[in-house]
Structures are given as structure tokens and as C-alpha cells.
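Just so we're on the same page: letters track the sequence lines, and every chain starts at 1.
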Amino acid sequence: MSTETENIESLVNRRYEHGFVTDIDSDSLPPGLDEGVVRAISARKNEPEFMLEWRLRAYRLWLEMREPNWAHVHYPPIDFNKISYFSAPKSDKDRPKSLDEVDPKLLETYDKLGIPLHERARLAGVAVDAVFDSVSVATTFKEKLSEAGVIFCSFSEAVENHPELVQKYLGTVVPQRDNFYAALNSAVFSDGSFVYVPKGVRCPMELSTYFRINAANTGQFERTLIVADEGSYVSYLEGCTAPMRDENQLHAAVVELVAFEGAEIKYSTVQNWYPGDENGKGGIYNFVTKRGDCRGANSKISWTQVETGSAITWKYPSCILRGDNSVGEFYSVAVANNFQQADTGTKMIHIGRNTRSTIVSKGISAGRAQNAYRGLVRVMPQARDARNHTQCDSLLIGKDCGAHTFPYMEIRNPSARIEHEATTSKISADQLFYCRQRGISEEDAVNMIVNGFCKEVFKELPMEFAVEAQALLNVSLEGAVG
Amino acid sequence: MSVLALPDKALRTAVRELPENALAANRQAALARFLERGFPTTRLEDWKYTDLTSIADISQRWLESGAPTATAASVSGRVEEIRAVVGIDWIVIGNGAIVDGTHIAGSEGLSIATFSELKHAPGYEHPLADLNAALLPDGLHIHVHAHSHHDRPLGLLFVDGADSQPGVTQTRVFIELDEGSQAQFVEYHASIGEADHYANSVVELSLAKGASADYVRIQARDGGHTQTHRTAISLQASSTIRYSGFDLGGRLVRNDLDIDIGGKEATVLVGGLYIAGDGQHIDNHVRIDHRVGPARSEQEFRGILGGRCRCVWNGKAIVQPGADGTDAEQSNHNLLLSERAEIDAKPELEIYADEVKCSHGTTVGQIDDAALFYLRSRGLDKQDAMRALTRAFGASIVSHSPIAAVADHLTEIVERRLTALTEDSDA
Amino acid sequence: MLEIKDLKASTGDTPILNGVSLSVKAGEVHAIMGPNGSGKSTLAQVIAGHDDYAVTGGSVEYKGRDLLELEPEERARDGIFLGFQYPVEIPGVNNAYLLKAALNAKRKHHGLDEIDAFEFLKLAKEKMVLLGMDPKFLNRGVNEGFSGGEKKRNEILQMAMLEPDLAILDETDSGLDIDALKAVAHGINSLRSPDRAIVLVTHYQRLLDYVEPDVVHVLSAGRILRSGDKSLALELEEKGYDWVKEAANA
């Protein structure tokens with residue numbers, strides 16, 4: 001094993017030791033949203049004028065937009081005036097003092113996922129001393145990246161240190177007016193990640209939010225912007241397999257990716273926000289806009305996601321295949337158990353010549369959950385020789401859940417070759433008995449079959465992530481059979 | 001939000017001037033509902049790809065010119081043409097008026113009557129069925145008696161159109177198959193005349209336990225004419241429907257096929273072929289609702305698109321809670337022959353039960369290069385080879401069409417349409 | 001090893017086994033023959049613990065314990081192997097994975113460490129050579145897209161790997177061509193040992209040309225009508241099942 005990998009592994013193993021880096025004064029803004037709030041957020045973050053203007057424009061657009069009403073997603077109305085749009089991290093005195101005060105069920109889950117004891121406290125939001133023994137690790141990490149010329153920092157830092165890059169690319173993939181939640185995010189986003197990979201650079205390591213200083217508590221309106229300049233490569237990992245508690249019910253993130261000629265961006269997500277309890281109480285509403293722009297010829301954007309959390313997930317990581325020969329990929333596993341609702345899929349917009357897209361979606365429904373794939377493949381008239389292959393498979397576990405497929409294909413060029421296939425199946429009693437006759441317990445057999453079903457997607461994840469994702473899937477489906 | 005509405009007053013007048021019969025009260029109720037909602041717009045998910053503006057426009061001009069009713073006699077030329085080539089018993093509905101065919105009523109095991117005679121109120125509550133029920137002069141009721149078997153297909157010929165003034169016609173047929181009965185139907189839509197025309201029709205089929213129906217729908221309207229057509233089929237236990245639809249003509253055509261499976265062991269086999277050329281918009285929406293299982297549905301639609309045209313295919317299979325043992329398959333294949341053709345395909349599955357087998361497959365592509373080369377290497381010129389392969393693409397739907405009596409005619413009109421299309425595309 | 005006494009079982013309201021008694025000792029090979037619908041497969045499934053069948057009477061003892069109390073996986077770990085008549089496909093789960101999981105479940109049950117990956121692969125390849133199987137099989141999904149013959153060989157491979165104490169092979173010979181039949185028979189014979197019992201459930205006697213049974217039973221309408229040595233199988237082949245039924249009724 002190379003020393004580099006070892007370094008990364010040791011980083012991975014130590015990732016939860018970071019603690020909170022900054023301690024912003026706990027002067028949260030009162031609930032409610034108006035221009036004053038937008039100005040206050042911008043002022044609090046010492047943003048330059050252009051950012052304030054940009055936020056205000058988004059806010060004005062948002063005012064004129066209507067909240068979407070999705071056909072297959074059901075939840076009580078959200079009162080946007082009851083949300084506090086700027087809240088500092090909770091101060092220690094408001095948090096659980098020790099693990100004894102944390103919901104035992106959450107602790108049980110950590111146990112099953114094999115999360116080390118010292119990490120559990122941080123994940124559960126227990127007040128831990130922010131000991132900075134890891135600063136050196138982070139520094140080594142930052143040095144390596146800066147040697148390569150890669151910029152990887154929080155969005156706030158990017159606005160401060162690289163305003164010209166932010167101004168040039170922000171909102172060029174997901175415009176402010178794109179949709180209701182993207183507009184809201186544009187007006188009030190709290191923080192997020194920024195990555196710039198210069199021409200010809202292959203980013204020397206997987207970038208992960210684990211490593212980013214200030215990653216903690218980016219809040220409910222997260223914004224990520226990744227720019228891969230000509231001929232560069234970057235792999236970015238978002239999320240974490242451990243279930244994250246959050247006080248904010250609404251999460252509306254925006255992710256923008258830009259790939260120039262010959263560049264490749266690989267974006268992997270494991271989403272495991274609190275899904276609510278087994279009776280459907282509580283849980284996060286996760287309304288995310290993710291889009292990648294293959295702006296240059298021969299560029300490639302690949303989305304891989306494992307979605308197991310949130311009460312409601314609404315997201316369609318998309319690719320605009322503008323450059324000739326550009327490639328878009330979407331690999332997804334979405335699990336919905338108990339009362340969860342997942343409505344996810346992708347959009348592949350073929351504009352350039354000889355563009356290719358691949359969609360592999362695996363939906364698993366259990367309990368009383370509803371799981372929908374919604375996707376669009378559009379081939380524009382000028383997109384000669386476009387290719388798409390879509391495979392949508394649903395696995396049903398139990399009688400009370402639902403699995404739905406809503407694909408749209410809009411094809412305006414005769415040279416397009418488009419293939420779409422969808423299947424629905426269940427774990428059969430015969431499969432379970434076969435495994436049990438070979439000595440494998442029912443629970444292991446279910447896990448084995450589910451993981452087999454998801455294999456095509458898991459193989460797209462970076463190795464450590466894939467292993468964690470499998471364990472996560474097993475925990476998410478616990479009790480679904482039997 | 002834009003609304004596609006028709007002028008209240010003129011519409012009310014048109015309804016008032018319809019023949020006074022038992023349908024009057026029902027017309028008023030349907031009218032009220034249509035006035036409330038208007039034509040469906042592209043804002044509605046189910047109508048996303050179907051813009052009815054031109055249909056609303058024809059309807060408006062028709063109302064403005066005093067809602068004229070062209071006579072059934074004016075289409076007799078076209079009727080005779082069809083009679084001459086398809087030798088089955090036809091009931092003719094010309095410009096919305098039931099003009100012929102009641103002579104068949106006497107045949108054993110079959111009763112034919114009008115809605116007004118039976119005081120049968122046509123249903124509405126569906127977009128455009130409202131308009132149909134509001135403006136319907138009268139409907140045709142066909143009753144197939146229990147355990148009667150009819151080997152000779154019964155033809156329903158809808159012909160509309162006029163030369164001078166824009167026209168709007170409403171047609172409605174209700175077919176009731178009693179327990180254990182068997183029958184075959186051919187539904188033929190055609191039109192003539194230079195003036196713009198909008199034909200709005202509704203056909204309902206109700207199959208009782210163990211009943212079986214073979215059904216072929218042929219739509220060969222003239223190039224300038226528009227239609228919206230709704231077919232609703234309900235099936236009870238162990239009943240079977242074999243349905244094939246062919247869309248060859250028309251400028252703007254929207255077909256909705258709604259199938260409701262309400263009994264165990266029902267079987268639904270649907271095939272469809274749409275061929276569109278310059279200036280055509282052909283839209284097929286199929287919804288199969290599996291309310292009860294076990295039951296099986298299979299649908300296969302194929303489209304051949306040339307010139308500047310747009311086709312839409314939306315297939316939806318719903319498996320309701322508890323409909324265990326459902327086996328639902330849908331497929332849709334499209335061949336694009338022109339740079340300016342567009343296909344919008346939307347194969348949907350909505351599944352709320354777990355003992356099911358459901359799948360769908362959709363492809364969009366062009367003639368296989370290897371096959372083309374193979375034929376050319378055997379001496380066919382490129383155009384002939386293209387035509388042969390295009391014909392082969394549509395042939396499976398034509399050959400699986402369930403009624404032998406119209407097979408030759410279908411083959412011929414499909415061939416003629418394809419020849420025109422491939423020639424257009426070559427030019 | 002296996003002691004079945006007056007076993008009665010039904011599926012739904014339909015009784016299928018109507019009092020089967022059978023005693024199988026270590027080192028023996030038994031063949032259970034019978035016409036279609038006689039209950040052969042049901043007997044195999046009941047021994048393996050399939051919950052489609054309810055035991056309504058009688059007892060089954062295995063290694064001196066009440067077998068009917070155990071879950072299917074417990075029976076498997078304790079050495080019972082069922083070769084399925086129709087092995088199920090499990091898409092995406094590869095053969096090697098299933099085999100290893102099964103082997104380790106058994107080892108764990110017996111207090112042994114998990115087999116290491118290298119050792120496992122070596123063992124699997126050895127057994128595959130023995131059965132004339134392409135090692136690529138290991139990386140394919142469990143029975144996914146296998147032909148009938150491949151599925152049956154795969155069952156024998158699993159048996160060879162798991163080294164059961166009691167193997168019940170349900171119609172393992174059906175649908176096999178002569179080469180596959182010989183390979184399967186070879187696999188079975190190589191497992192014959194004084195500590196192991198094998199029960200062959202079969203409709204025809206042709207497998208018995210290659211795997212010689214110690215005892216042959218004829219099952220009909222959920223009862224064993226007759227037991228004998230291997231000559232009984234030959235006699236059956238010649239005279240048909242009706243002969244046994246008539247003899248039993250006489």
C-alpha cells in the first residue's frame with residue numbers, strides 16, 4: 001500500500017476528532033425572511049457587494065415563485081416565516097452533556113454501523129472539547145493540495161479569498177430562478193464547499209467534506225461549487241454514513257459542477273439524514289438541486305448516490321452535455337423504509353454531438369414507504385449521435401410500500417439511440433429459503449440479496465465508501481422483512 | 001395560468017339547439033363541468049405534450065359561424081370507398097349522426113339502440129368527455145347478449161368533415177358484452193373535406209365475466225383534420241380484450257385508452273402502431289389500472305416518424321394495493337426517419353403491491369446499419385432496403401392485429417402510408 | 001442419523017405426506033422413488049424446513065435431536081444439505097460470495113474461524129475441476145442465467161464445498177444430458193463416506209446406474225409402499241409404479 005493511501009486512511013480514521021473549528025457568536029437571527037434578513041446574512045459573512053446583490057436578486061425572484069406541489073410527495077405545508085435563516089451552532093450548554101442524554105436508538109444504530117465510541121459523541125451533538133490535535137493533519141492535507149494548485153475550502157473562504165472565481169461561476173449551472181428551493185438557497189445559503197482544479201491537474205486525493213475545516217454545521221442551505229478546468233480530474237465525496245441529527249427540518253442544498261474540455265468530475269454522495277421514526281414522525285425534508293455542466297468537449301460528470309436518509313428526498317442530479325463527446329452518468333441507490341418518501345432521478349440533456357449518458361437507478365421500498373424514480377433524457381435537435389442507456393429497477397419488500405417509475409424521453413434527433421428498461425421485483429420466499437438452506441440467516445440473506453441488487457451502483461463508489469454504504473443499507477432495512 | 005375556454009354564450013346556444021331528447025339534462029350537467037374547466041392545457045401533467053390550442057380555435061370558429069352541422073350525406077363518398085374495400089357489417093356515424101346500421105339490430109344475440117331510446121346518460125368527468133356529453137346529439141348502444149358468439153366483426157365507421165365551414169362533431173358508442181359473450185369490432189375513423197374539423201369521440205366497452213372482445217381501431221383521417229378520442233374499457237373476471245390501434249392520418253390526434261381491470265384472471269393485450277409525417281402530431285396515452293389480481297396486461301406500441309412531426313407515447317401501468325399476481329408489461333419502440341421528427345416517450349409504472357411482475361422497455365433509434373448493409377449487399381438499392389426494414393419494423397403490430405377480416409386492408413394502408421413517408425424522407 | 005416416524009405434512013388444507021417412516025444410517029445411500037405427486041419433493045422440503053409445509057403428525061430425529069424444532073439455517077449448519085430440484089436465481093449475488101457465506105456460517109456454528117480468502121479459492125477451484133466446471137462460474141450471479149445442467153452442477157459444487165453429514169438431492173438428475181449426469185454422479189460418489197448419508201430423490205432409475213444405492217424406497221400418495229435393495233429400482237423401471245401400487249393394495 002502506498003504511503004499516500006496510508007495517509008488518507010489515517011485521515012479517514014481520525015476524521016471525527018476535528019470538533020468544531022469556529023465558534024461563531026450565538027446570535028441567531030429571529031425566524032422569518034425579508035430583504036433585511038438577506039442583507040444581515042451577507043453582512044455577517046463580510047461578503048463583497050456582488051454577493052449581496054446576487055442574493056437579493058435571488059430573493060426577489062423567489063418571492064414571485066410558487067412552492068412546487070409534487071404529485072407523489074406528501075407533507076404538511078412549510079411555513080417559511082418560521083425558519084431562522086441564520087443560526088449559529090448551538091452553544092455547549094444547549095447540547096446533551098454526555099451520551100447518556102442521547103436517544104438510545106441512535107446509539108444503537110451507531111453500534112451497528114461500527115462507529116467508534118469517541119466519534120459517536122460528536123455525531124450525536126454532544127458537547128465535546130474542541131481539541132485541535134488534528135490541526136497538523138489538516139495542514140498536511142492542505143499543503144498537498146496547494147502544491148497541486150487545487151483550491152478546496154469552505155464557500156465563505158472562497159468568497160473571501162477567490163471572489164473572482166466565485167463571481168465567474170456561481171449560478172452559471174443552477175440559475176437563481178431555476179426552481180423554488182434553488183432560489184431560496186441562492187438568497188440565504190449559509191456555507192458549503194468550493195473546489196477549483198486547475199488545468200491538467202489530477203487532484204492527488206479524494207476530496208471529502210470530512211477533511212474540510214469549517215465543514216461542521218454548514219446548516220440547512222448548503223451551497224457547493226466545483227470547477228474542473230481543462231484536462232483536470234477530481235473525485236468528491238459528500239456526506240457520511242453515520243446518521244446525522246439536525247434541528248433543521250428543511251434542507252435545500254444546491255450543488256453546481258463545471259467541467260471544461262477533457263475534465264472529469266466524480267461526485268459521490270451518501271445521504272443519511274434523520275429519516276424520522278418508525279411511525280413517520282420527524283425527519284428531514286431534503287430538497288436538493290444538483291447539476292453538472294459538461295461545458296467542454298470530451299468532459300465527463302459522474303454522479304453516484306446512496307440515499308437512505310431523510311423523511312422526504314427530492315433530488316435529480318443532472319448533467320448538461322454541452323461539449324461534443326461529453327459523458328454523463330448517474331448511479332443511484334435509493335432506500336425508503338417505514339414512512340419515507342424518496343423522489344429521485346436525473347436529467348440528461350444532450351446538446352453536443354456524440355454525447356453519451358448512462359443511468360442506473362436502484363430503488364428499494366420497504367415498510368410503508370414510497371420510492372419514485374423520475375428522470376428526463378432530452379436529445380436536442382443539434383445533438384447528433386447521442387446515446388443513452390437507462391436501467392431502472394425497483395425492489396419491493398413488503399405489501400404496503402410503493403415503487404414508481406416516471407421516465408421522460410424527449411428525442412429530437414433521428415441519430416439518437418435511446419434505450420430504457422425498467423423492472424420491478426421482490427425478494428422471493430424461494431430466494432430466502434435457498435439461502436437459509438445453505439446456513440445463512442434470514443437477515444443476512446436479505447442483506448446479501450439487496451446488496452446484489454445494488455451492486456452495479458456500489459462498484460462506482462470509492463472503495464471505503466462502498467463498504468460503508470453496504471453496512472448502511474443493511475441497517476436502513478433492518479426489520480423490513482419478517 | 002392560461003385557460004383554453006370557449007365562449008359561454010355561444011356554447012350554451014349550441015347545446016340548446018341540439019335535438020330535444022332524453023339526453024338534455026345530462027348535456028346541461030356536462031356543459032357546466034366543461035365551462036368550469038375548459039380544455040385541458042399543457043400545464044397539466046397528462047397534457048404536457050399535447051397543445052389543444054388549434055382545437056380550441058377550430059371550436060371557437062365553429063361556434064362563431066353558428067355551430068353548423070354538416071349532413072351525414074355529405075360524407076357518403078368516403079363511406080362508400082371504405083365499404084367497397086372492407087366487406088363487413090358497418091354502422092355509419094356521419095358527422096355525428098347515426099345514419100345506418102340499425103338493420104343489424106335484428107341479428108341474434110345483439111341489440112343496437114340509441115342512448116335516447118334507452119335513456120342511457122353518457123358519462124363525463126374526464127377532460128373532453130365533458131365536452132362530448134354536452135354537445136352529443138345522440139349515442140349508440142350496442143349490447144352483446146350473454147353467451148352469444150359473433151364471428152363476423154361489427155364495424156363502426158366514424159366519418160366527418162365538410163368543405164366550407166369549420167366543423168366540430170361528437171360521437172359516442174357504448175358497447176356492453178354480457179357474461180361469456182364473444183364479439184369482434186372494427187372502429188374506423190375517416191374524414192373528408194377542405195374545412196378544418198375537430199372530431200371528439202368516446203367509446204366505452206364493458207366486459208362482463210368471461211366475455212371476450214377483439215377490437216381494431218383504424219384512424220385514417222385526412223391530413224388537415226384533428227381528433228381527440230377516448231376509449232374506456234372495463235374488465236370483469238376472466239374476460240379478455242385484444243386491442244390494436246393504428247394511427248395513420250390526422251394533423252393533431254390525441255388518443256386516450258383507459259383500461260380498468262376489476263376482475264381476477266382478466267387478460268389485456270394491446271398493440272399500437274403510429275406513423276406520422278410532415279405536420280402531424282400523434283399522441284397515444286394508455287393507462288392500465290390493475291385494481292385486482294391476478295391479471296395480465298401486455299402492451300406494445302411502435303412508432304415510425306418522418307418529416308416534421310411529433311409523436312407522444314405515454315404508457316402507464318398502475319398496480320393497486322392488494323392486486324397480487326399482476327403481470328404487466330409495456331414496450332414502446334420508435335424509428336426516427338427525419339431530422340425534424342420528435343418523439344416524447346413516457347413509460348410509467350406505479351406499483352403499490354409486491355407480488356407483481358412489471359417491466360417496461362422503450363427504445364428510440366433508427367434502421368439498423370448492419371441490416372441495411374446486408375440487404376444492399378444482396379442487391380437491394382438503399383431506398384428499397386430502407387422501406388423493407390421500415391415495413392418490417394411495423395409488421396409485428398400489423399400481423400398481431402386480432403381481426404382477420406381487416407388484415408389485408410390494414411397491410412395495404414400501412415404500406416401506402418410508409419411509401420409516402422419514406423419518399424418524403426428521402427427528398 | 002435420520003429417524004423419521006409416521007410423518008404427516010400438508011400444504012394449505014391438502015395433506016401430502018400421510019405417515020412416512022424412514023431410517024437412514026451414516027454411510028448409507030438411500031433412493032426415494034415414486035411417481036409424480038407422490039410427495040418425494042415435499043419430504044425433502046420438510047426435512048430442510050420449508051414453511052410452505054405444515055407438519056401435522058409424526059416426528060423427525062436427526063443425530064438424536066428433534067429436527068422439526070430447528071430453523072432451516074440451523075439444520076443447514078448442522079450438516080443437512082438440500083440439493084434443490086429448481087435452484088432459484090439470485091441476481092447480483094455472486095456464487096463465490098454465497099458459498100463463502102454459507103461455509104463460514106457453518107464454520108462459525110462449529111466454533112471454527114472463518115476460512116481465509118486464499119484457502120477458500122483453492123478449495124473451490126479443486127472441487128470445480130472435480131465436477132468439470134469452469135472457474136468463471138464463481139464470479140457469476142447465483143444461478144443467474146444458468147442452464148438447467150449448470151444449475152444442477154452448481155448444487156453439487158455447493159454440496160462438495162459444504163461437506164454435509166446428510167445430503168438430500170431432489171431430482172438432481174432431471175434435465176441432465178449424459179455427460180452432466182456422469183459429472184454429477186461422480187460428484188456424489190466422491191462424497192460417499194462412512195460418516196455421511198445421502199438420500200437421492202428421483203423419478204427414474206438412470207442416476208442409480210452411476211450411484212449405487214443401499215436401500216430403495218417407493219413413495220406413493222404420501223406413504224412408503226415398499227423398500228428393498230437396488231434390484232427394486234430395476235424392477236420398477238421394468239414394471240412401472242402401478243405394479244407396486246397393486247402389490248400394496250393386494
Side-chain angles (χ1 to χ4, degrees), chain A residues 66 69-72 363 365-366 368-382 384-429 481, chain B residues 1 44-46 48-49 303 305-306 308 310-324 326-369 425:
Chain A
R66 283 159 40 127
N69 177 18
W70 299 304
H72 286 264
S365 316
R368 307 179 71 88
Q370 300 296 327
N371 202 337
Y373 168 82
R374 196 180 299 278
L376 169 68
V377 174
R378 180 181 287 153
V379 176
M380 302 299 278
Q382 68 271 36
R384 280 203 66 80
D385 297 319
R387 299 283 178 268
N388 163 268
H389 183 83
T390 301
Q391 179 72 46
C392 279
D393 298 319
S394 305
L395 188 68
L396 291 142
I397 305 177
K399 296 206 111 19
D400 301 316
C401 54
H404 318 302
T405 322
F406 306 107
Y408 296 72
M409 281 156 269
E410 300 176 359
I411 314 303
R412 295 177 201 156
N413 187 297
S415 60
R417 284 186 200 272
I418 308 299
E419 292 164 3
H420 175 104
E421 287 174 75
T423 65
T424 300
S425 56
K426 59 171 281 188
I427 297 181
S428 73
V481 177
Chain B
M1 190 155 117
L44 296 168
E45 181 60 33
D46 273 348
K48 184 179 160 75
Y49 298 118
L305 289 74
R308 185 188 187 84
R310 187 178 188 185
C311 288
V312 180
W313 177 77
N314 177 199
K316 183 181 232 173
I318 305 166
V319 182
Q320 302 287 0
D324 286 343
T326 290
D327 187 342
E329 259 181 62
Q330 39 177 328
S331 72
N332 171 235
H333 302 288
N334 298 282
L335 193 57
L336 296 188
L337 300 176
S338 136
E339 297 284 334
R340 290 168 304 162
E342 171 171 352
I343 173 74
D344 298 312
K346 204 178 150 204
E348 299 175 273
L349 295 173
E350 253 183 75
I351 297 166
Y352 301 94
D354 70 339
E355 291 285 349
V356 298
K357 228 176 90 193
C358 294
S359 65
H360 66 225
T362 294
T363 61
V364 179
Q366 43 297 135
I367 284 172
D368 180 30
D369 282 341
S425 300

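Using a 4.5 Å cut-off between heavy atoms, B:E329 makes no contact with chain A at all. Proximity to chain A (any heavy atom under 4.5 Å) is restricted, for B:D324, to the side chain, taken from C-beta onward. Contact of B:A345 with chain A is made through backbone and side chain together, with heavy-atom distances under 4.5 Å. At a 4.5 Å heavy-atom cutoff, A:R378 makes no contact with chain B through either its backbone or its side chain. Neither the backbone nor the side chain of B:P321 comes within contact range of chain A, judged by heavy atoms closer than 4.5 Å.
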Under the side chain to side chain contact (heavy atoms under 4.5 Å, CB included) criterion, do A:S365 and A:L395 qualify, and how do the steps go?
CA-CA 6 Å; A:S365 316; A:L395 188 68; over 6 Å; no
B:H360/A:H420 under ring pair (Phe, Tyr, Trp, His ring centres under 6.0 Å): CA gap, chis, key distance, verdict:
CA-CA 8 Å; B:H360 66 225; A:H420 175 104; 4.8 Å; yes
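For the set B:H333, B:R340, B:E350, B:K316, the count of heavy-atom pairs under 4.5 angstrom toward chain A peaks at B:E350. The choice from A:L396, A:I411, A:N413 that makes the most heavy-atom pairs within less than 4.5 Å of chain B is A:I411. When A:A403, A:G402, A:P414 are compared by the number of non-hydrogen pairs under 4.5 Å with chain B, A:P414 comes out ahead. Counting heavy-atom pairs closer than 4.5 Å to chain B, the top residue among A:E410, A:R384, A:Q370, A:E421 is A:E410. Interface check for chain A: of the options B:P347, B:S359, B:A353, B:G365, the most heavy-atom pairs under 4.5 Å are formed by B:P347.
With hydrogens and angles ignored, the 3.5 Å screen pairs no side-chain donor or acceptor of A:D400 with any backbone N or O of A:R368. Although no hydrogens or angles enter the test, the distance criterion places no donor-acceptor pair under 3.5 Å between the side chain of B:D354 and the main chain of A:I397.
Judged purely by distance below 3.5 Å, without hydrogens or angles, the side chains of A:R417 and B:Q366 pair a donor atom with an acceptor atom.
Rounding to the nearest 0.5 angstrom, the gap separating the CG atom in B:L305 from the CG atom in B:L336 is 5.5 Å.
Note on B:E348 versus A:R374: no salt bridge recorded, every NZ/NE/NH1/NH2 to OD/OE distance being 4.0 Å or above.
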